[in-house]
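Data first, discussion second: the structure below is written as structure tokens.
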Amino acid sequence: MDTSRAGLGARFLYKIVKNDSMKIDPPEIYGWRSFMMACSACFGGMLFGMDIGTIGGVLTLPAFTVKYGLANLDKPGQYDLSANIASTLQAGCFIGCFLASWIADRWGRRTSLIFNGWVTIVGCIIQSVASGSLAAMYVGRFVAGVGVGGASMVVPLYISENAPRAIRGGLTGIYQLFIATGTMLAFWINYGSILHLHGSASYIVPLAVQSLPAILLVICMMLNKESPRFLAKQDRWEEATKVLARMRQLPASHEYVAGELSEMAEQLEHERMLIGGSTLKDLLREMFTIPGNRKRALISIGLMICQQMTGTNAINYYAPQIFANLGITGNTSKLFATGIYGVVKMTTCAAFLLFAADSLGRRRSLLWTSIAQGSAMLYIGLYVRIAPPKDGDTVPPAGYFALVCIFLFAGFFQWGWGPVCWIYVSEIPTARLRSLNVAIAAATQWLFNFVVARATPNMLATVGPYGYGAFIIYSCFCYSMFFFVWFLIPETKGLSLEKMDDLFGVTELVKHIEQDREHRADAPAAELDIDSKQTHTVEKKEIAT
């Protein structure tokens with residue numbers, strides 16, 4: 001392949017990305033527009049990261065605990081109210097996924113992202129001015145959750161539909177990088193607030209700053225174009241061609257652009273042939289009655305359940321409390337350790353996207369990190385059980401290694417179950433079902449995020465001394481995920497979105513249907529009337545074969 005036309009960024013990609021598509025696709029398609037498109041949309045991921053990082057620290061700030069009544073409760077009561085405040089967001093997120101899916105299919109992915117940005121801004125404002133009212137805090141977190149959940153569903157969808165196939169994993173994975181970056185920034189904002197702010201300002205500022213990514217999302221998406229695959233699905237082929245040619249930095253007449261448009265048209269035709277219709281009922285029937293589509297939907301749901309049951313958000317939401325259980329005392333020390341945890345998450349995620357997302361592949365990333373995460377969690381649980389920290393005592397070497405295991409767990413998660421789940425569920429569905437499939441996956445993620453956020457404080461308080469049982473439980477889940485991936489998850493790196501139908505057997509089904517129609521069209525009408533039962537039986541056997 002001639003790389004003389006490749007820019008600096010493309011030449012860098014050729015050195016680090018190793019897959020077949022990278023070798024044959026034109027170098028012009030790896031231009032700056034693809035990366036700016038991904039980063040613009042991924043401010044929707046930073047919404048999620050900023051919230052999970054902010055609320056965990058805010059719940060421990062002295063001014064907040066006094067203002068919202070946590071200081072007057074016993075320890076189980078504090079954990080219970082903290083869980084209610086943290087988990088209200090997930091309820092809004094669950095609803096937001098389906099609302100965003102409807103908007104994304106009706107008016108477009110770009111419009112849906114802009115809408116979710118505005119909703120999040122409103123929710124953050126309500127939280128900031130709640131002034132000690134628990135009801136207002138719940139409403140603010142629910143409203144923000146609608147925007148955060150909606151963005152979590154649309155961001156990977158929008159990026160996967162725009163990205164070149166060879167680097168689709170890396171670009172979609174930027175979503176997880178922005179989540180980790182938002183979490184890190186929130187951790188350090190909390191740390192700075194306790195050092196330099198006093199009174200109500202110490203928690204109002206972090207709550208208000210949550211709206212910054214939403215503002216950037218709205219501004220940046222106003223400068224972007226709609227997804228070409230959404231435009232194609234709406235039969236707006238002229239617009240789709242212009243947008244795709246602009247994104248790929250190639251003329252509309254170029255064979256690569258023509259080939260990609262042809263694949264879109266062929267896939268859409270196949271999908272309409274299978275079921276037809278575009279109502280929610282038609283799409284659900286297409287998703288769950290066609291074996292290849294059903295398998296993809298169930299894999300997406302399974303991956304998102306597994307992602308949450310690693311225990312990652314248990315640490316994200318309640319890191320200060322977990323560090324206290326490991327012997328770190330004082331709000332300043334706990335928030336500083338939490339800030340370092342955020343830095344580890346961001347840097348390891350960036351390393352994965354650069355060097356492994358489209359080279360190591362999805363399957364192998366999930367396999368080895370399942371074992372690594374489980375081992376880190378297991379050590380933490382055993383340490384807390386065997387040698388629990390005592391008030392006033394210094395942390396022993398084994399305790400420091402338990403702290404290191406928290407950071408190792410964060411790194412392992414960012415090399416597998418963090419970014420890969422979002423990459424996978426956004427790339428495997430068919431064009432007609434992509435929005436609905438990602439919405440169901442994202443809603444599942446938020447449902448189990450809620451389960452984890454609601455259950456973890458009680459687990460830390462009740463499942464053994466210092467909550468050691470919580471770590472053992474999450475460790476067992478991590479180990480079991482290895483077998484889920486080994487038996488059920490195929491590799492998808494380097495494949496175009498339209499080739500996913502081949503991988504999951506839908507293309508073969510379409511061929512059988514086409515052959516069936518040709519046989520019926522060629523056969524004499526009288527013969528069909530007489531032998532219709534026998535003909536129908538033979539064709540069914542052929543299709544089953």
Side-chain angles (χ1 to χ4, degrees), residues 52-53 56 79 82-83 86-87 90 176 179-180 183 301-328 337-338 341-342 344-345 348-349 365-389 398-399 401-421 444-486:
I52 61 178
Y79 276 136
S82 295
S87 60
Q90 281 76 20
Q176 184 67 30
I179 292 176
T183 305
I301 292 169
L303 283 173
M304 286 308 185
I305 293 174
C306 289
Q307 186 194 61
Q308 292 307 303
M309 299 317 292
T310 59
T312 181
N313 281 323
I315 300 175
N316 288 338
Y317 283 118
Y318 305 109
Q321 293 95 315
I322 289 171
F323 283 121
N325 283 2
L326 293 176
I328 301 295
T338 304
Y341 174 77
V344 171
K345 284 172 68 74
T348 51
C349 185
S365 297
L366 294 175
L367 285 171
W368 81 267
T369 53
S370 299
I371 302 299
Q373 288 172 172
S375 300
M377 278 288 192
L378 180 61
Y379 179 86
I380 296 167
L382 292 176
Y383 164 73
V384 174
R385 174 66 182 87
I386 297 168
F401 187 70
L403 294 173
V404 170
C405 282
I406 292 282
F407 300 133
L408 288 175
F409 174 87
F412 296 145
F413 181 79
Q414 299 301 336
W415 268 73
W417 286 93
V420 171
C421 290
T444 303
Q445 186 265 158
W446 285 112
L447 176 62
F448 280 84
N449 190 314
F450 170 81
V451 170
V452 169
R454 192 65 189 80
T456 296
N458 294 323
M459 291 167 69
L460 292 173
T462 60
V463 186
Y466 296 91
Y468 81 89
F471 300 103
I472 302 294
I473 290 169
Y474 288 129
S475 172
C476 293
F477 277 119
C478 288
Y479 285 131
S480 66
M481 292 167 198
F482 176 90
F483 300 99
F484 170 71
V485 175
W486 182 268

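One-based numbering along the sequence shown.
For the atom pair OG1 (Thr369) and CG (Leu367), the distance works out to 8.0 Å, reported to the nearest 0.5 Å. Atom-to-atom distance recorded for Phe413:CZ and Ser370:OG is 11.0 Å, nearest 0.5 angstrom. The line from OH of Tyr474 to OG1 of Thr312 is 10.5 Å long, rounded to the nearest 0.5 Å. If you take CZ on Phe477 and CZ on Phe484, they are separated by 13.5 Å, rounding to the nearest 0.5 Å. Separating the OH atom in Tyr479 from the CG atom in Leu378 is a distance of 5.0 Å, to the nearest 0.5 Å. Between the CD1 atom in Ile380 and the CZ atom in Phe471 there is a gap of 6.0 Å [rounded to 0.5 Å].
The backbone N or O of Gly374 lies less than 3.5 Å from a partner atom in the side chain of Ser475, making a donor-acceptor pair. Within the 3.5 Å criterion, the main-chain N or O of Thr348 finds a donor-acceptor partner in the side chain of Trp415. At least one donor-acceptor pair under 3.5 Å links the side chain of Gln307 to the backbone N or O of Trp417.
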Requested in this report: List the steps and the verdict of side-chain contact (heavy atoms from CB on, under 4.5 Å) for Phe412 and Trp368.
Outcome: CA-CA 9 Å; Phe412 296 145; Trp368 81 267; 3.8 Å; yes
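For the pair Val452 and Gln308, the tightest heavy-atom approach, listed with the atom from each and the gap, is CG2-O, 3.6 Å.
Side-chain contact check for Val463 versus Tyr468: every heavy-atom pair is 4.5 Å or farther apart.
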